[in-house]
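Only one structure is covered here, and it is reproduced in the block below.
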Amino acid sequence: MTDAPTSVPAAAATTLVCLACDVPLEIGRVTASYLGQSFPVDLPRCPRCGFVWVSEEIASGKMLKVEQALEDK
Ligand SMILES: [Zn+2]
C-alpha cells in the first residue's frame with residue numbers, strides 16, 4: 001500500500017495536521033490559560049479532538065508578554 005491515506009497538496013507544507021486524528025487543524029478562537037489567567041487567542045485547533053497547537057513562539061513569546069503585561073498592571 002503505497003498510497004497515502006490523504007492526498008497532500010504542496011500548500012499542505014504549511015498546514016498543520018493533528019497527529020492523533022490525521023485531520024488538518026483549523027484556525028479558531030480558543031481560550032488559553034496561563035498562570036491562572038484566561039484569554040482568547042486564535043490558534044490552530046483540531047476540529048475532531050479539540051487539540052490546540054501551541055507553537056514554541058507563542059509558548060515562549062506571547063505567553064511571556066501576557067505574563068509581563070499582567071504583572072505591569
Ligand atoms: Zn485531533
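Read the numbers this way: they start at 1 and go in the same order the structure lists the ligands and their atoms.
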>> Can you give me the closest heavy-atom contact between T31 and S38, atom names plus distance?
In response: CG2-CB, 3.8 Å

> Any side-chain heavy-atom pair from P44 and V52 closer than 4.5 angstrom?
Replying inline: no

> From L16 CG over to W53 CH2, what is the distance, rounded to the nearest 0.5 angstrom?
Replying inline: 5.0 Å

> Going by the salt bridge (Lys or Arg N to Asp or Glu O under 4.0 Å) test, which pairs reach into residues 43-52, not counting sequence neighbours?
Replying inline: none

> Tally of protein N/O/S atoms under 2.8 Å from the Zn ion (ligand 1)?
Replying inline: 4

> Which atoms form the tightest heavy-atom contact between P24 and P47, and what is the distance?
Replying inline: O-CD, 3.6 Å

>> Walk me through whether V23 and V17 qualify under side-chain contact (heavy atoms from CB on, under 4.5 Å).
In response: CA-CA 5 Å; V23 296; V17 176; 5.7 Å; no

